There are 2 protein chains.
Amino acid sequence: MPQTGAARRRAGRPAAAVLDQAGITAAALRLIGKTGYDGLTMAALARSLNVAPSALYNHVESKRDVLLLVEDHLTALVDVTAFAAEPWESAVRKWAWSYRDVFAEHTPLIPVIAVLPVTDAPQTLAMYETVSAGFRAAGFPEERIVSAIVALESFIFGSAYDVTAPADIFDSGSMAESTPSFTGAVRSLAALGHEKPADVAFSLGLEALIAGFGALRE
Amino acid sequence: MPQTGAARRRAGRPAAAVLDQAGITAAALRLIGKTGYDGLTMAALARSLNVAPSALYNHVESKRDVLLLVEDHLTALVDVTAFAAEPWESAVRKWAWSYRDVFAEHTPLIPVIAVLPVTDAPQTLAMYETVSAGFRAAGFPEERIVSAIVALESFIFGSAYDVTAPADIFDSGSMAESTPSFTGAVRSLAALGHEKPADVAFSLGLEALIAGFGALRE
DNA sequence: CTAATAAATGAATGGCATTCATTTAGTGGT
DNA sequence: ACCACTAAATGAATGCCATTCATTTATTAG
């Protein structure tokens, strides 16, 4: 029984390295799953790895670095396989839903991703390569490929937030009488049924984008 | 000369109230303009109002409350006037561009807005009312109005982030050879010209959404 | 063998939002 | 006119956070 709870490691470099980026990434994901992004602190991360907080800084430069590692790991989970096997429309559809679903659980990463140079994220770059090759193969004019992908991504990120919104987000409360048009529209959407509102909106927007962009193909 | 720099106010309730929500909102906006959202701390906000930090908590419950005040103030700046005067397509177009431009300067608010019950933000609710009335008047089926607005908003929020991205965000760097399709697409977009890439992508996506949603009108 | 480097500990540091006891001023009721 | 209550300020904590630094120990290069 070498340890109970927190085994004290004596100061100095250990015989075998305890930490590496892959381990830090995995621990961060585990921690996020358990405690959410609020619980992801450098101290908690260190504790979950049975290490002093300062030890992390031998492997990452900052907490932002940790978020980048997580982001790149998650991007690899986005399903781009359809671009190899299916027509453009359904490939884009599957990719977009998968992309949204992955990041809906990780919206705190969105501000990081949105400003992230692709150089710093190899998996993300790989996704772009597959997607842009799919657009090209589908006859998309080259100079519009990036803009179309960016537009889709913007919609996807915004929609990922939408998934996390509380169910009563559109409850106009005491202002209902002064906002008849909006209140009525909210009511008639609710009356419609069981499908999640975020999914309805995402589907509506995505199909419009696919139809609009599909018309650009030569 | 009653004061140089920071006039010390003695403890206890002053004869006339120093703070109110409108003043806090205005000071927060001034501070954000000068120092960005990183500089918006409760301490800095208090200093700019010549007040102790704890005094703020007599008027707001938390920093999130301050962000909400700012958000609602900014939403009132979004231009919805076209819904009263112009055809649906151009009204949506003007609203969307204005909405994006306002929040492109305030992306740190987006995570707050996206999850914000409209009850808590009267100006925001007022905007929804005007927009949904415009959709209704244009012959939009009632049960799709909210979904269409949500989809547009998602696209707008995502695109607002895009505006703030660094110019070299798509520079694939040393990975250029392994990502020929993407690298080529980035190059041919750059070759195209002067318009800002974020504007091109926003226009492309917005026109697709307007065209797609326009077809839903009865 | 020795110098440089890598990877850990543990003890700061400074900043942050927030809370609380205290002080003072206005307000509503009798 | 008095008194209790509430509102609005100060100033001094509190606890958490990311990050830095001196120090220790082990591995690696020359």
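A, B, ... follow the sequence lines: proteins, then strands. Residue 1 opens every chain. Keep in mind the model is a prediction, meaning the values are calculated, not measured.
- Side-chain contact between Val18(A) and Arg9(A) is present, with at least one heavy-atom pair separated by less than 4.5 Å.
- Within a 6.0 Å radius of CD in Glu207(A), other residues, nucleotides and ligands contribute more than 12 heavy atoms.
- Within the 4.5 Å cutoff, no side-chain heavy atoms of His106(B) are placed close to those of Leu67(B).
- Taking five base pairs at each end of the helix from dC1(C)-dG30(D) to dT30(C)-dA1(D), the local helix axes there meet at an angle of 10°, rounded to 10°.
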query: Would Val115(B) and Ile169(A) satisfy side chain to side chain contact (heavy atoms under 4.5 Å, CB included), going step by step from the backbone distance to the final call?
result: CA-CA 7 Å; Val115(B) 180; Ile169(A) 189 173; 5.7 Å; no
statement: Going 5' to 3' through nucleotides 3-17 of chain D and flagging B where a protein heavy-atom sits under 4.0 Å of the base, S where only the sugar-phosphate is that close, and - otherwise, we get ----BBBBB-----S
Would you list the atom pairs, donor with acceptor, under 3.5 Å between side chains in residues 149-163 of chain A and any protein atom, with sequence neighbours excluded?
residue: Glu153(A); atom: OE1; partner: Tyr128(A); partner atom: OH; Å: 3.0
residue: Glu153(A); atom: OE2; partner: Tyr99(A); partner atom: OH; Å: 2.6
residue: Glu153(A); atom: OE2; partner: Tyr128(A); partner atom: OH; Å: 2.6
residue: Ser154(A); atom: OG; partner: Val150(A); partner atom: O; Å: 3.0
residue: Ser159(A); atom: OG; partner: Phe155(A); partner atom: O; Å: 2.7
residue: Tyr161(A); atom: OH; partner: Tyr161(B); partner atom: OH; Å: 3.0

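- Here Thr124(B) contributes atom OG1 and Asp72(B) contributes atom CG; the two are 4.0 Å apart, rounded to the nearest 0.5 Å.
- Note that OG1 of Thr25(B) and CD of Glu71(B) are 11.5 Å apart. Values are rounded to the nearest 0.5 Å.
- When rounded to the nearest whole Å, the span between OH of Tyr57(B) and P of dA21(C) equals 17 Å.
- Heavy-atom contacts from other residues, nucleotides or ligands closer than 6.0 Å to CZ of Arg93(B) number more than 12.
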